[in-house]
Amino acid sequence: MRTSAYLISTLKEAPSEAELASHRLMLRAGLIRRLASGIYTWMPLGLRIVRKVEAIVREEMNRAGAIELSMPVVQPAELWQESNRWQEYGPELLRFKDRHERDFVLQPTSEEVITEIARGELKSYRKLPMHLYQIQTKFRDERRPRFGIMRGREFVMKDGYSFHADFADLEREYRNMYDTYTRIFTRLGLAFRAVAADTGSIGGTGSHEFQVLADSGEDAIAFCPDSDYAANVELAEALAPAGGRAAPTQPMQKVPTPGKTTCEQVAELLGVPLAINVKAIALVAGEKFVLLLLRGDHSLNEIKAAKIPFLNQFRFATAAEIEQHMHCVPGYIGPVDVSGFKVVADRSVAALSDFVCGANDAGFHLTSVNWGRDLPEPDLVADIRNVTAGDPSPDGKGRLELCRGIEVGHIFQLRTKYSEKLKANFLDEKGASHPFEMGCYGIGITRIVAAAIEQGYDDRGAVFPAPIAPFEACIVPIGYHKSPAVKACADRLCADLIAAGVDALLDDRDERPGVMFADMELIGVPHRLVVSEKGLAAGTVEYKGRRDDTPSLIAQSEAVAAIRTRPASA
RNA sequence: CGGGGUGUAGCGCAGCCUGGUAGCGCGCCUGGUUUGGGACCAGGAUGUCGGAGGUUCAAAUCCUCUCACCCCGACCA
């Protein structure tokens, strides 16, 4: 490919809308252009990257035995009503009517349609197992799209669905996909980690997320450097402190803390560690008021809390509700001398002695509070907090560390959730009817492009792993339009590279070298060859990897081989 | 949905407070000089100043409403 015949639309300055590095660079490099909030055009250069990611995913999915198909983006409401997701999905599901006033949706995912396919086509156990996937445009009307393509409303996803006669076979395919995803992300050249994940509203028994490691990631990951434990913080279990509760040492005391409404302020005023302060969080679930207790240095894990049966679908209490039940303003509430509602203590709080909490009297806190002596034991002790760095690993093999990640893949064991709702059954060898055991497996194709940049960029631009770079190698001739020798050499090198299977780009624009260097670096081409009269005289060309500080001279005859043997800049 | 912010040429911005014929840099077009790290000179094109309404002799500028976009939070297979 020649730049003169291609569309390179780089910008010196990034549009002001972009904050995140990958978003700015994608705009500057001309990979994408925004059309509306969360909706982007993939420019030719960006599309090349998307296609390369797709190709690797497709190749590995096929190798793993999955079969590709393509389902409609526009789907009739009936199926969604049948699965009840027409009601459950909420405003993220974009709905509209056709000219006959019939309801339709733009697919955010395709469980309904694939299950419909399965119940029509997979009527016998003889056809199982079956894994069908598609690479298709998805639409989710995100409340707040952000970071460009990273959390867009329209995006491309690989979604696969597997059908099995029994759970054991689903587990086999789940492991197969775990291994396949590991291969895919390895081939893509990304640093990633598979982490145990919450199954969320989709239900099911097993779930792993594949997270690309990046400080800007939206997800927090807890992992143990001494073992293979890794989980999304949403899920990571916080163990009860070892050693249990110490005996009280002081009598309870009521102390004035005027104006100090946060644990941090109270701890500072009293000169005690934050970890012995207890914060009370008031919730309302259904009609019931509930008080949660956490250590001052811990934060509430709402997903864990929501798993407590009587906290299903909770919300935070309003200030008025707090005053009604606690007879005290927020900021000074606590669990001592309260009645009429349940008190749920985090495991770490239940293990405290001589702790500090609100006195249910504006401007006062209690010190040296002790369970059993100053207040009854909590109604429930549960794990309701986020783990923190240094917590013991749930597998007992060391201490947890935290890092951040970008979720690029997610695998689920759906079990029979959809097959039962949509009455998708097969007949076994005895003629008995059973709902399919199902798995589902997603990869965010377009998000991977942004994640790859988040993971590799410098002040000059993107640094793509070679397997997904828009071009693998570029040739920058100095004096292409002046020197017939330079032109001949550059043309020949480009042809040789392409013949050798290298996706090469020849920058034949009549630009100054600085412009060409800057553009090629901005779009993240991993390998660069510079052809100049100076070098030609010595029979050399100059090679520089995208991450290299300085170029090196190589013989012209070695150029193609050099690029083929250098794996990548990654 | 709550909070904050921004809309002026393709991109980045100034002008607005204090109303008086719309500007700068980059990019783009023409010609010339350049050619190893985003060149220089000369000339040129490009604007419903986000939209609607109002005040005024006069509105990018003041007022009201509205729309779009961005950031934080909440939310989210």
Side-chain angles (χ1 to χ4, degrees), chain A residues 8-20 23-24 27-30 33-40 83 85 88-93 107-112 138 140-148 151-153 155 157 159-161 197-204 207-209 218-219 232 234 300 302-303 306 313 315-316 407-414 417-418 438-444 447 459-461 476-483 486 507 509-522 528-535 541-542 544 550-551 553:
Chain A
I8 304 277
S9 36
T10 53
L11 297 171
K12 268 193 185 174
E13 288 172 291
S16 58
E17 67 196 42
E19 296 279 294
L20 198 66
H23 188 193
R24 296 174 61 85
L27 290 166
R28 278 195 57 209
R33 288 288 180 255
R34 189 180 66 79
L35 186 61
S37 179
I39 298 178
Y40 291 82
S83 72
R85 287 212 292 180
E88 289 169 358
Y89 212 100
E92 272 194 27
L93 179 63
Q107 59 140 2
T109 175
S110 277
E111 280 84 359
E112 281 78 4
K138 298 285 180 290
R140 295 183 193 172
D141 199 1
E142 292 275 351
R143 196 169 286 188
R144 181 149 99 79
R146 53 183 137 180
F147 309 141
R151 181 171 287 277
R153 290 194 290 175
F155 56 98
M157 187 181 196
D159 47 326
Y161 308 87
D198 186 67
T199 50
S201 60
I202 208 159
S207 172
H208 281 85
E209 290 167 350
E218 292 188 271
D219 290 319
N232 192 306
E234 292 177 348
L300 175 65
E302 297 183 32
I303 287 172
Q313 295 197 319
R315 62 175 172 80
F316 291 100
E407 182 190 343
V408 291
H410 204 160
I411 58 178
F412 285 97
Q413 293 172 3
L414 286 177
K417 177 173 170 169
Y418 289 91
M438 289 174 61
C440 87
Y441 318 91
I443 291 181
R447 182 181 278 182
D459 54 1
R460 292 175 172 180
V476 177
I478 311 288
Y480 187 85
H481 297 267
K482 285 282 165 60
S483 160
V486 167
D507 200 344
R509 294 175 296 178
D510 191 11
E511 289 284 357
R512 295 169 66 85
V515 173
M516 297 191 279
F517 292 153
D519 275 349
M520 294 302 110
E521 282 165 339
L522 178 57
R528 186 185 81 190
L529 291 172
V530 176
V531 178
S532 67
E533 290 217 295
K534 197 166 62 176
V541 294
E542 181 186 296
K544 185 173 172 298
T550 50
L553 290 176

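We name chains A, B, ... by the order of the sequence lines, and we start the count at 1 in each one.
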Does B/rA68 have a Watson-Crick or wobble partner in any strand here, with both distances under 3.5 angstrom, and which is it?
-> B/rU6

Within this structure, what is the CZ-to-C1' distance between A/Arg34 and B/rG10, rounded to whole angstrom?
-> 14 Å

Touch check for A/Ser37, heavy atoms < 4.0 angstrom, all strands: base, sugar-phosphate only, or nothing?
-> sugar-phosphate

What is the nucleic acid contact for A/Glu533, judged by heavy atoms within less than 4.0 Å: base, sugar-phosphate only, or nothing?
-> nothing

Can you tell me, in whole Å, how much space there is between the C1' of B/rU8 and that of B/rG4?
-> 22 Å

Quote, to the nearest angstrom, the C1' distance that separates B/rU21 from B/rG12.
-> 26 Å

Spacing between A/Phe155 atom CZ and B/rC76 atom P, to the nearest angstrom = 16 Å

Give a yes or no on whether a salt bridge exists between A/Glu542 and A/Lys534, defined as a side-chain N under 4.0 angstrom from a carboxylate O.
-> no

Under 4.0 angstrom between A/Ser16 side-chain N/O and B/rG12 OP1 or OP2 | yes

For B/rA77, which nucleotide in any strand shown is its Watson-Crick or wobble partner with both distances under 3.5 Å?
-> none

Can you tell me how far C1' in B/rU55 sits from the matching atom in B/rU46, rounded to whole Å?
-> 33 Å

Reported CD-to-CD distance for the pair A/Glu92 and A/Glu142, which is rounded to 0.5 angstrom | 4.5 Å

Describe the nucleic acid contact of A/Met157 in one word from base, sugar-phosphate, nothing, applying a heavy-atom distance below 4.0 Å.
-> base

Base paired to B/rG47 (Watson-Crick or G-U; both N/O distances under 3.5 angstrom) = none

Could you measure between the two C1' atoms, the one in B/rA74 and the one in B/rA68, and give it in whole Å?
-> 22 Å

For A/Leu11 and B/rG12, give me the distance from atom CG to atom C1', rounded to whole Å.
-> 10 Å

Quantified in whole Å, what is the P atom distance between nucleotide B/rU66 and nucleotide B/rU56?
-> 23 Å

Nearest-nucleotide wise, let me know which of A/Leu522 and A/Glu407 is further upstream toward the 5' end of RNA chain B.
-> A/Leu522

How would you label the contact of A/Ala14 with the nucleic acid (heavy atoms, under 4.0 Å): base, sugar-phosphate, or nothing?
-> sugar-phosphate

Please determine if A/Arg151 and A/Glu218 form a salt bridge, counting it only when a charged side-chain N lies under 4.0 Å from a carboxylate O.
-> yes

At what distance, to the nearest 0.5 angstrom, does NE2 of A/His481 lie from CD of A/Glu511?
-> 9.5 Å

May I ask you to verify if any side-chain N or O of A/Ser207 is less than 4.0 angstrom from the OP1 or OP2 atom of B/rA77?
-> no

Is it the case that A/Arg528 places NZ or CZ above or below the six-membered ring of A/Phe517, under 6.0 angstrom from the centre and within 45 degrees of the axis?
-> yes

Give A/Arg153 one of three labels, base, sugar-phosphate or nothing, depending on what nucleic acid heavy atoms sit under 4.0 Å from its own.
-> nothing

Residue pair A/Gly479/A/Glu218 against RNA chain B: nearer the 5' end by closest nucleotide is A/Gly479

Assigned partner base of B/rA22, Watson-Crick or wobble definition, under 3.5 Å | none

For B/rC72, does either OP1 or OP2 sit under 4.0 Å from a side-chain N or O belonging to A/Arg144?
-> yes

Pairwise P distance for B/rG51 and B/rG3, with rounding to whole Å | 26 Å

Does B/rG36 have a Watson-Crick or wobble partner in any strand here, with both distances under 3.5 angstrom, and which is it?
-> none

For B/rC41 and B/rC26, measure between their P atoms and round to the nearest Å.
-> 9 Å

Is a donor on one side and an acceptor on the other found under 3.5 Å between the side chain of A/Tyr480 and the backbone of A/Asp507?
-> no

Can you check the A/Asn232 CG to B/rC76 P distance for me, whole Å?
-> 14 Å

Would you indicate what A/Tyr480 reaches in the nucleic acid, counting non-hydrogen atoms under 4.0 angstrom: base, sugar-phosphate, or nothing?
-> nothing

What closest approach, in Å, do A/Pro145 and A/Arg153 show between heavy atoms, and which atom pair accounts for it?
-> CG-CG, 3.7 Å

Watson-Crick or G-U counterpart of B/rU56, or none if no pair lies under 3.5 Å | none

Which whole-number value in Å describes the distance from A/Asp459 CG to B/rG38 C1'?
-> 14 Å

Across the strands shown, which category fits A/Arg28 at heavy-atom distances under 4.0 angstrom: base, sugar-phosphate, nothing?
-> base

Phosphate oxygens OP1/OP2 of B/rG73: is one of them under 4.0 Å from a side-chain N or O of A/Arg146?
-> yes

A/Glu533 and A/Lys482 ion-paired at < 4.0 Å | no

Report the distance from atom CD of A/Glu17 to atom C1' of B/rC72, rounded to the nearest whole Å.
-> 17 Å

Exercise: identify the closest heavy-atom pair between A/Ala197 and A/His410 = CB-NE2, 3.8 Å

Within the structure shown, what part of the strands sits under 4.0 Å from A/Val476 by heavy-atom distance: base, sugar-phosphate, or nothing?
-> nothing

Please measure how far the C1' atom in B/rU61 lies from the corresponding atom in B/rA22, and state the result in whole Å.
-> 12 Å

Mind calculating the distance between CD (A/Glu142) and P (B/rC1) to the nearest angstrom?
-> 15 Å

Answer with base, sugar-phosphate or nothing: what part of the nucleic acid does A/Arg140 contact at a heavy-atom distance below 4.0 Å?
-> base

Starting from C1' on B/rG37, measure out to CZ on A/Arg528 and report it in whole angstrom.
-> 9 Å

Is B/rG27 paired to anything, Watson-Crick or G-U wobble with both distances less than 3.5 Å, and if yes, which nucleotide?
-> none

Produce a footprint string for nucleotides 24-34 of chain B: one letter per nucleotide, 5' end first; B if the base is under 4.0 Å from any protein heavy atom, S if only the sugar-phosphate is, - if neither.
-> -BS-------B

Look at all strands and tell whether A/Arg151 reaches a base, only sugar-phosphate, or nothing, counting heavy atoms closer than 4.0 Å.
-> base

